[in-house]
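Below is one structure, written out as structure tokens; comments come after it.
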Amino acid sequence: MKSFTMSSSSQANQTSFLEGLNPKQKEAVTYSDGPLLIVAGAGSGKTRVLTYRIAYLLQQFKAAPQEILALTFTNKAAREMKDRIFQLIGDPAHSLWMGTFHSVFSRILRVEAKKLGFGQDFTIYDTSDAETVIKQILQELNYDPKQIKPRTIHYKISDAKNQLIDPDTYAKKFIGSTLDNITSKVYTIYKKRLKDSNAMDFDDLLILPIELFDTDPQLLEKYQNRFRYILIDEYQDTNHAQYKVTKLLADKHHNLCVVGDDAQSIYSFRGADISNILNFKQDYTDAHQVPLEQNYRSTKSILTCADSIIKKNEKQLNKTLWTEKDYGEPIIVLENFDERDEANRVAQYILKLSQQAKFNYNQFAILYRTNYQSRVFEEAFRRHKIDYQLIGGLSFYQRKEIKDVLAYLKLLVNQFDETNLIRIINEPSRGIGQKSINDIRRASREQGLRVWELLEQVEETQVYRPAKVRIREFVNMMNEFREALTTKKVKLHELTRNVLDKSGYMKMLVEEQSHESLMRRENILEFINAISYYEKENNKTSLSAFLQEISLITDGDKFDESKPAVTLMTVHGSKGLEFPVVFVVGLEENLFPVGVKDNFDVDIEEERRLFYVAITRAQERLYFSHCSNRFKYGEEQRQIRSRFLDEVDTSVVRTETGATLRQRSDRFMSTRGANSNTENGEANPNENIVSAQKRRSSLGTTIEYDSAGKSPSHKSYSSLGSIDYDLNEGMDPFVVGAVVVHDKFGSGKIISRSGSGTQTKVVVFFKNRGQKKLMLQAAPLSLIKD
DNA sequence: GTGCTCCATTTTTTT
DNA sequence: AATGGAGCAC
């Protein structure tokens, strides 16, 4: 064990770093043992307090570095904290237990896996892996994944897991609705399937430690003793499982310090339970509370604006953020015709500000509600030669080619990993088709053997004969790789190259000769570089550890504040960051606040908190922007300005011309306001189409009698003499009110029509399938005459 | 068993 | 606009 020393030796100097803190901050840093709740408003120096507190604990010899556990939600936050503590205390910082909940507990699980019946080399399934498993199970149970969405089931299972409800309890408690019954069945199989695959999903990384500690009190005590001090960042975002596992760990020493801000709770969709922070003082009756209310980040205008928004929320702890700063510049609202207009305008502002006001590119951030909004900004910035960094969206490790390579490697480490085995058994295609794969899987269930075990004895299994040979070749190939891995004959990056060569994966990409496949090859090379780098950095290279580590990496990690580039990210991604100039874009109804989901109402208060988070990222200048038209689903939509713009304090807001913002206070009186423009049964945001007129082709639509001669059928054809419905509206029998038959959906009635020419769409209400929107030209619809 | 074409759906946010 | 599934031809 390394002993801890500060760089300076005198006691007076050792505490000198406390001098820059305000009284409340100092109190939070130096408050000694016992539970501590720090309610830290935006920009109040929260990370500083946390890092100083850790340094202080070490300096007072309250704990050794390895006895301190600091938990964050994102890798980004963890990294920042690590960096800052390293600056304070140097090398001992490396001995701290610090990271995201998921990474810290996966490390513990790696050590304790055997006690739970898992192998040390378990695979971590991400959301898409989990949905693949669920889809497979739905098919085995004869449910159509088109009607029962794997995503919905996964969401429900994840929800149950975070509430610590196991499949048996779920089966007892949640009988009734069809969806719950299906979820119950799938959940039971899903849990078993993952265990058989020696795999854990993200939720397991939190709930399995609880299971472990519940069943083994001695082990719990071991970890309780190890983590004598526990600190949790963003406590308002903890879900029940996270709450429970940290409560268990802190139960002996009670040295639990949590930092949070209920106003910034934006992850309830992931099960975050705001009551964890609201009830902290009931939970720990001896808890001490320190409020941090002085904001060091933003101008008074920005803070006033933020405050005016958050005040509209009813569920809210009272607190008053204040600043010593001046009002500064007013907040400017940009009104745009459409999203391209919006992106161009923002680009122009950035150019102007960077010249006039001497802002560097890395001082700007564009914040949006959804990832897909980034595209137009990328295009505009490229056009205007503005460097940018895009954070989030499809991450590197989610790309198909990377997931494929990873699947090979994961399979080498853990041959029971069924999902990744199926993923690559025929990728590149080697003559093992869907039929053979299904046969093997069925046999696997029937015989109680794992898929890999069956493959090993494929000769004795009922499979399409030609496929047997291919499977044998595949199995032998993988066994050779595994041999190379376990005997450590080759370095990891060499092994990866071998896998890509001998499997034919690279060959497949080379032969494809498309721009797409070239990109894929480049990504793969980048991945191999990442492995080489990892090998250089770590002397004890374990493929298994590497794979587990990167399973928990996201794109947020690549944010680099020193890179001279404008940052593009979602509001969620921006939490914890700050920028001198912030553009909050797409402030439109059904976008921000987000539009209705299938069955759930939008949590408008959470959307408002999200807007609050966006505002409070800004230090000096803040811009709001919205469009009156926007392309969505390949169609232009009419957009209504966000209600949030009717809620801001207009004394600090101006339009581009300097005028006061006009507001309507009565626009959304009901909390269900998000639905108010789509009250027509099934939500159908596509209804307000403004322009389908510009695009017109020679493709036309007409009515023909098919050879069976029963009823007129609707066909499309391409010819010069096509009929244009714009001019011949009367030719089209598919009018509102018409009764139609769809090949798949059965009979229904047309309830509305939109677009024109080839872009004509109809909304049909089907008796058995509900409302659907269809392209008239393409849909297999026929008219019923009566 | 593979690959192409047509159709339908998708968009919240993240570990 | 882009992705994925179903159905069909080879």
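Sequence lines set the chain letters: A, B, ... in the order given, protein chains first and strands last, and positions in each chain run from 1.
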Task: Test side chain to side chain donor-acceptor pair (under 3.5 Å) applied to Gln639(A) and His626(A), Glu589(A), Glu588(A), the passing residue - done: Glu588(A)
TODO: Ignoring backbone atoms, establish whether Arg470(A) has a side-chain N or O less than 4.0 Å from OP1 or OP2 of dG1(B).
DONE: no
Task: Spacing between Glu516(A) atom CD and dA1(C) atom P, to the nearest angstrom - done: 17 Å
- [ ] Choose from dA2(C), dT13(B), dT15(B) the nucleotide whose nearest atom is closest to any side-chain atom of Asn371(A).
- [x] dT13(B)
Task: Cation-pi, Phe611(A) ring and Arg608(A) (6.0 angstrom, 45 degrees) - done: no
- [ ] Could you check Gly433(A) against Gly573(A) and say which one's nearest nucleotide on DNA chain B is further toward the 5' end?
- [x] Gly433(A)
- [ ] For the side chain of Arg151(A), starting at C-beta, report the closest nucleotide among dT11(B), dA2(C), dG5(C).
- [x] dT11(B)
Open item on the list: Please pick, from dT11(B), dT13(B), dT15(B), the nucleotide with the shortest atom-to-atom distance to any side-chain atom of Phe269(A).
Closed with: dT13(B)
Open item on the list: Categorize Lys400(A) for me: base, sugar-phosphate, or nothing, with a 4.0 angstrom heavy-atom threshold over every strand shown.
Closed with: nothing
- [ ] Grab the NZ-P distance between Lys146(A) and dT9(B) for me, whole Å please.
- [x] 7 Å
- [ ] Look at the side chain of Tyr464(A) and decide which nucleotide, out of dT15(B), dT14(B), dG1(B), has an atom nearest to it.
- [x] dG1(B)
TODO: Round to a whole Å and report the spacing from CD of Glu512(A) to P of dG3(B).
DONE: 11 Å
Task: Check: Ile432(A) main-chain N/O paired with Ser436(A) side-chain donor or acceptor under 3.5 Å - done: no
Open item on the list: Can you work out whether Arg430(A) or Ile553(A) has the more 5'-proximal nearest nucleotide on DNA chain B?
Closed with: Arg430(A)
TODO: For Ser103(A), answer base if it contacts any base atom (sugar-phosphate contacts may also be present), sugar-phosphate if it contacts only those atoms, and nothing otherwise; contact means non-hydrogen atoms under 4.0 Å.
DONE: nothing
- [ ] Would you mind telling me which of dT2(B), dT11(B), dG5(C) lies closest to the side-chain atoms of Ser429(A)?
- [x] dT2(B)
- [ ] Round to the nearest Å and state the distance from Ile604(A) atom CD1 to dT13(B) atom P.
- [x] 17 Å
Task: CD1 on Ile471(A) to CD1 on Ile440(A), rounded to 0.5 Å - done: 3.5 Å
- [ ] Check Ala77(A) against Asp233(A) and note the closest heavy-atom contact, atom names and distance.
- [x] CB-OD2, 4.4 Å
Task: Atom of Asn239(A), atom of Asn162(A) and distance for their closest heavy-atom approach - done: ND2-OD1, 3.3 Å
Task: Distance, rounded to the nearest Å, where Asp129(A) contributes CG and dT14(B) contributes C1' - done: 15 Å
TODO: Would you mind reading off the distance between His572(A) atom NE2 and dT15(B) atom P, rounded to a whole angstrom?
DONE: 11 Å
Task: Nucleotide nearest Tyr633(A) when distance is taken to its side chain, options dT13(B), dA2(C), dT10(B) - done: dT10(B)
- [ ] Taking only the side-chain nitrogens and oxygens of Asn426(A), find out if one of them lies under 4.0 Å from OP1 or OP2 of dG1(B).
- [x] no
Open item on the list: From C-beta outward on Tyr372(A), which listed nucleotide comes closest to its side chain: dT11(B), dG5(C), dT14(B)?
Closed with: dT11(B)
Open item on the list: Let's see if you can work this out: which of dT13(B), dG1(B), dG5(C) has an atom nearest to the side-chain heavy atoms of Ser436(A)?
Closed with: dG1(B)
Open item on the list: Nearest whole Å is fine: how far is dT13(B) P from Arg617(A) CZ?
Closed with: 18 Å
Task: Between dT15(B) (C1') and Leu205(A) (CG): distance, integer Å - done: 9 Å
- [ ] Assess whether one donor atom and one acceptor atom, taken from the side chain of Thr127(A) and the base of dT15(B), lie less than 3.5 Å apart.
- [x] yes
Open item on the list: Measuring to OP1 and OP2 of dT15(B), would you say a side-chain N or O of Thr554(A) lies under 4.0 angstrom away?
Closed with: yes
- [ ] From the options dT11(B), dT15(B), dG1(B), select the nucleotide whose nearest atom is closest to the side chain of Phe202(A).
- [x] dT15(B)
Open item on the list: Taking 4.0 Å as the cut-off, does a side-chain nitrogen or oxygen of Lys149(A) come that near to OP1 or OP2 on dT10(B)?
Closed with: yes
